[in-house]
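The structure appears below as structure tokens.
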Amino acid sequence: MAVAATVATIGEYVGQEVTLKGWIHTKREKGKIAFIVLRDGTGFIQVVLEQDRISPNEWEELREASLESSVIVRGLVKAEPRAPGGYEIQGLFFKAFHVTKDWPLGRKDHGVDFLMDNRHLWIRSRRQSAILRIRHTIETAMIEFLNKNGFYRFDAPIITAAACEGTTTLFEVDYHGDKAYLSQSGQLYAEAGALALGKVYTFGPAFRAEKSKTRRHLLEFWMIEPEAAWFEYEDNIQFQEQFVSYIVNAVLERNADDLKILDRPLEPLMRVKPPFPRITYTEAVELLGKNGFNVHWGDDLGAPEETFLSNYFDKPVFLTHFPAKIKAFYMQPDPENPEVVLAADLLAPEGYGEIIGGSQRIHDYELLRQKIREFGLKEEDYQWYLDLRRYGSVPHSGFGIGLERTVAWICKLEHIREAVPFPRMLHKLTP
Ligand code: ATP
């Protein structure tokens, strides 16, 4: 009896007969021998089928089956050092379950618009499937690390009444006649969770009606937002170093074949170990000025500035102590200089820029009310949030890490659109 195997676990079955179910990724015929590369979602493997070893019917089916036909093969697993994954199947049985005619992505040189319109098919490619397996590892590792460190998963609502990250990027929805918005962040709810459960994280989609086209922005992206009571600025930073290092290490350990498919240089990833360098916003403005950037203290740093800084260091770098005016209303002022806040963004190296935004939050009731007013927000919209400072307030901190930005960096992608199965971008809603 042949065992049902997958490509990922094929090494366990050398010398045995296995059944594999998958799709034809490539096919080559040479007289009485056919070579197919079969993909089953977990990986790719070469299957060698000889006319004399299978029935005439099977051989006929094999000849008809072209790219992306779904197939079932049975065969003997052989160690083959010259094969990409180290193994090969000597085919003994072949069946085409569904024969594909005219696979639209057969050519090598499709443009990106065509590929995006066919995203539902494009995700089957070697490169795209490798990225999506790495994305899986990253999400899993994030959750693993937080769970191991005593954080409770605490999901925030997606339909909300007030803005969290500024009002310019809100998606409005009609809530039975009332105005509501798709969530930009679960943070304010996570703060309530932290006062209930100590350490929590939200993990869900975030929506931002970004109006510019960049390589780093999606309109819908996934974010993990840990939040912890009694965590102060420094605890928050050190936790992020451990967290990001754990994620990178998990990918290095679990996705070696996928990283190879992507030609991802490993050395920059292997350097990702605590401690990470830090630079204050004020120091960064000075450094940027010396390097030809026209930025002044108080300006928000844009993508070119972030790219410069993240190329300047060979590890992820914390950019800290921003002017209060360019950050969110809830960030704790630095007691030594209230013009700046106890916030840090983590910039990924190799030019990737911000992947994390985090801060210590204001815990003082009067100060938070004052900031709500200063930022032109309506106090009545934040009554429940102010309650967290009325009843048993504590210092607390947290951060938000964008899943797709992390995937784009770890996979070294040119554009964030490949980091999510079905990207939502400006003027791009299908498939
Ligand atoms: P940026 O200035 O780069 O637009 P931000 O400062 O608005 O980002 P935060 O509000 O701090 O970002 O969000 C936390 C994290 O969420 C970011 O560090 C990033 O990883 C991710 N993120 C934010 N906006 C987007 C987006 N439009 N697409 C993908 N990821 C995003």
Side-chain angles (χ1 to χ4, degrees), residues 139-166 175 178 180-207 221-244 246-247 327-333 341-344 356-372 375 377-403:
E139 307 190 43
T140 310
M142 285 177 170
I143 291 174
E144 257 167 35
F145 186 80
L146 292 165
N147 291 351
K148 275 187 199 168
N149 281 280
F151 282 69
Y152 292 102
R153 182 160 177 165
F154 179 84
D155 293 314
I158 288 181
I159 303 179
T160 59
C164 178
E165 290 296 326
Y175 199 67
D178 285 335
Y181 307 97
L182 296 181
S183 173
Q184 298 170 303
S185 155
Q187 182 203 311
L188 306 190
Y189 297 97
E191 288 181 54
L195 299 200
L197 303 175
K199 294 193 276 188
V200 299
Y201 62 98
T202 68
F203 184 23
F207 304 88
F221 62 97
W222 287 73
M223 185 154 60
I224 288 217
E225 294 176 274
E227 189 74 34
W230 308 106
F231 252 43
E232 298 193 27
Y233 172 76
E234 185 61 33
D235 305 311
N236 199 27
I237 291 221
Q238 288 184 17
F239 188 73
Q240 288 170 50
E241 287 174 335
Q242 302 289 341
F243 179 72
V244 170
Y246 182 88
I247 295 162
K327 285 288 181 186
F329 71 94
Y330 49 71
M331 295 186 178
Q332 177 73 30
V341 282
L342 294 179
I356 292 184
S359 68
Q360 182 166 335
R361 325 302 190 187
I362 292 174
H363 58 266
D364 181 77
Y365 175 71
E366 285 306 336
L367 180 59
L368 186 61
R369 280 185 67 205
Q370 180 194 324
K371 289 284 174 184
I372 288 174
F375 276 74
L377 302 168
K378 286 195 223 127
E379 203 176 309
E380 59 267 31
D381 288 345
Y382 293 91
Q383 281 311 311
W384 71 261
Y385 188 61
L386 281 161
D387 268 357
L388 308 178
R389 282 73 181 169
R390 279 190 195 104
Y391 307 114
S393 188
V394 294
H396 60 288
S397 303
F399 62 95
I401 179 165
L403 178 58

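What you see is a predicted model; the values in this text were computed from it and never measured.
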Taking only residues two or more places apart in sequence, or in another chain, which ones meet Tyr233 in a side-chain hydrogen bond (donor to acceptor under 3.5 Å, both in side chains)?
none

Would you say that more than 12 heavy atoms from the other residues, nucleotides or ligands in this model lie under 6.0 Å from the CZ of Phe375, or not?
yes

List the steps and the verdict of ring-ring contact (aromatic ring centres under 6.0 Å, His included) for Phe239 and Phe145.
CA-CA 10 Å; Phe239 188 73; Phe145 186 80; 5.4 Å; yes

Counting distance only, does the side-chain N/O of Glu227 pair as donor-acceptor with the main-chain N or O of Ala194 below 3.5 Å?
no

If only side-chain N and O atoms count, and only distance matters, is there a donor-acceptor pair under 3.5 Å linking Gln238 with Gln242?
no

For Lys148, give me all partners under side-chain hydrogen bond (donor to acceptor under 3.5 Å, both in side chains), at least two apart in sequence or on another chain.
Tyr246

When you compare the side chain of Tyr382 with that of Leu188, does any pair of heavy atoms fall below 4.5 Å?
yes

Ile158 versus Pro205: any side-chain heavy-atom pair under 4.5 Å?
yes

Is a donor from one side chain sitting under 3.5 angstrom from an acceptor on the other, for Asn147 and Tyr201?
yes

How close do Tyr189 and Ala156 get, heavy atom to heavy atom, and via which atoms?
CB-CB, 3.9 Å

Mind checking side-chain hydrogen bond (donor to acceptor under 3.5 Å, both in side chains) for Asp364 and listing every partner two or more places apart, or none if nothing turns up?
none

Can you check whether Ile372 reaches Leu386 side chain to side chain, under 4.5 Å on heavy atoms?
yes

Non-neighbouring partners of Ser359 that pass side-chain hydrogen bond (donor to acceptor under 3.5 Å, both in side chains), sequence neighbours left out:
Arg361

Rounded to the nearest 0.5 Å, what separates atom CZ in Phe151 from atom CG in Leu197?
11.5 Å

Yes or no on side-chain hydrogen bond (donor to acceptor under 3.5 Å, both in side chains) for Glu366 and Gln370, after CA distance, side-chain angles and deciding distance?
CA-CA 6 Å; Glu366 285 306 336; Gln370 180 194 324; over 6 Å; no

Do the side chains of Trp222 and Glu139 get nearer than 4.5 Å, heavy atoms only?
no

Tell me, which pairs form a salt bridge (Lys or Arg N to Asp or Glu O under 4.0 Å) where one or both residues lie in residues 188-207, sequence neighbours left out?
Glu191-Arg389

So, do His396 and Leu388 sit near enough that their side-chain heavy atoms are less than 4.5 Å apart?
no

Non-neighbouring partners of Glu241 that pass salt bridge (Lys or Arg N to Asp or Glu O under 4.0 Å), sequence neighbours left out
none

Any chance you could measure Tyr385, atom OH, to Leu377, atom CG, to the nearest 0.5 Å?
11.0 Å

